[in-house]
Amino acid sequence: MRSYSSISTRDFMWNNLTGTIPKEIGHITSLRLLLLNGNKLSGSLPDELGDLTNMNRLQLDENQLSGSVPESLANMINVRHLHMNNNSFTGQLPSKLSNLSNLMHLLLDNNNLSGYLPPEFSKLHSLEILQLDNNNFSGNGIPSTYENLPRLVKLSLRNCSLEGAIPDLNSIPSLKYLDLSWNQFTGSIPSNNLSTNMTTVDLSHNKLNGSIPRGGIYPYLQRLKRKTSIIAAIIIGAVAAVLAITAITMLLIFRRNSKYMHLISRKRTSSNVCIKIDGVKAFTLKELTHATNKFDISTKVGEGGYGNVYKGILSDETFVVVKRARENSLQGQKEFLTEIELLSRLRHRNLVSLLGYCSEEGEQVNNL
């Protein structure tokens, strides 16, 4: 593999690769992106992965990998994303991972990790997401040093057999998502205020006692309590709305197939449309063409009656799924923007969020 020493990206996502990860991969020191998620790889990780000091993103999730997390990964000094969830890793999390000063996402949920949460992780000042759900840290708690993670947005430790008191997390101004449910936390609910940016708090199924304070996280817990009875209805309503829009869209497509030449003429003369929605970007066709390698067949991951679906990488290395309408499947401008506005409102942990759209040069493209 030495002859490939100038390669910066290796993308083998969602294939049927089997066997182990070869230690020789450590010779490709120029690698910045290694994407092996969604395969059937097994065995332990080679220590030689730590030789990839230029690595920016390592995705090994959705495999059958086992063994311990190698300490050598701490040598990936430039890595920002470590996605190793949904495997069978065991043992203690290496405290040396705290040397990864650029690390933003650490995902190791749905494994068989044990031991304790390293207090040294408080040194990860760039960390935004710490997701360790469904592991077994029995007999241990959350280190109080985690209050010193200034950029943490999501802390998810659901079903980890954690014990002890919940530390006050009011010193983390960016924290928006906190899930500590299905553990064995005891004591009183912290009285200090959480960030005003907080959108999700779940402390259910613990052994907490005492009264809920009238300050602190009380407003968030009360809001969740009031809405618990209607969450299912909201989800069902949202799904029904999407199905209804899909049915209407398919009916419109069927009717407009007979007007194919009229649609082509309209495409040539149509002007760009734009809608302003917070968090939804209006992409240019050039950006999406570049992200999908000119909508190359090798990036195509599926298709439907509306059009084709492609995988792509934006210029900021964000991975996206791009749905592009066929020419004979174009909706009207009003229907297209209505669909964009509806999809932008859907927010759920099990749904892929809408990043943006493109209506340039008569195209109709959604980015997820």
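Panel note: side chain Asn183, backbone Ser181; a donor-acceptor pair is recorded below 3.5 Å. Under a 3.5 Å cut-off, the side chain of Ser88 and the backbone N or O of Gln64 do not form any donor-acceptor pair. In this structure, Asn308 contributes its side chain and Arg324 its backbone to no donor-acceptor pair below 3.5 Å. Looking only at distances, no side-chain donor or acceptor of Asp51 sits under 3.5 Å from a matching main-chain atom of Leu49. Side-chain atoms of Thr249 come within 3.5 Å of backbone atoms of Ile245 as a donor-acceptor pair (strictly under, hydrogens ignored).
Looking at Ile142 and Leu180, their side chains come closer than 4.5 Å, going by heavy atoms from C-beta outward. Looking at Ile25 and Glu48, their side chains never come closer than 4.5 Å, going by heavy atoms from C-beta outward. A heavy-atom distance below 4.5 Å is found between the side chains of Ile7 and Leu31.
Considering all non-hydrogen atoms of both residues, Thr20 and Gly43 come closest at CG2-CA, 4.2 Å.
Atom-to-atom distance recorded for Asn15:CG and Leu41:CG is 10.0 Å, nearest 0.5 angstrom.
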Practice item. Let me see the working for Leu117 and Asn140 under side chain to side chain contact (heavy atoms under 4.5 Å, CB included), right down to the final yes or no. Key: CA-CA 8 Å; Leu117 297 175; Asn140 295 282; over 6 Å; no
Point to revise | Full working for side-chain hydrogen bond (donor to acceptor under 3.5 Å, both in side chains) between Ser156 and Asp133 | key: CA-CA 6 Å; Ser156 193; Asp133 311 270; 2.6 Å; yes
Exercise for review: Please assess Glu317 against Arg32 for the test salt bridge (charged side-chain N to carboxylate O under 4.0 Å, His left out), listing each intermediate value before the final yes or no.
Suggested key: CA-CA 11 Å; Glu317 298 180 348; Arg32 296 183 68 250; 2.9 Å; yes
Point to revise | Asn135/Leu93 under side chain to side chain contact (heavy atoms under 4.5 Å, CB included): CA gap, chis, key distance, verdict | key: CA-CA 11 Å; Asn135 284 289; Leu93 274 171; over 6 Å; no
Practice item. Check the pair Tyr310, Asn293 against side chain to side chain contact (heavy atoms under 4.5 Å, CB included), reporting the backbone distance first and the verdict last. Key: CA-CA 10 Å; Tyr310 303 86; Asn293 193 21; over 6 Å; no
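The one candidate from Asn110, Asp179, Asp109 that meets the side-chain hydrogen bond (donor to acceptor under 3.5 Å, both in side chains) condition with Gln131 is Asp109.
Linking ILVMFWY residues whenever their side-chain heavy atoms come closer than 4.5 Å, directly or via other members, leaves Met104 and Ile77 in distinct clusters.
Ring geometry for His81 versus His105: interplanar angle over 60°, hence perpendicular rather than tilted (30 to 60°).
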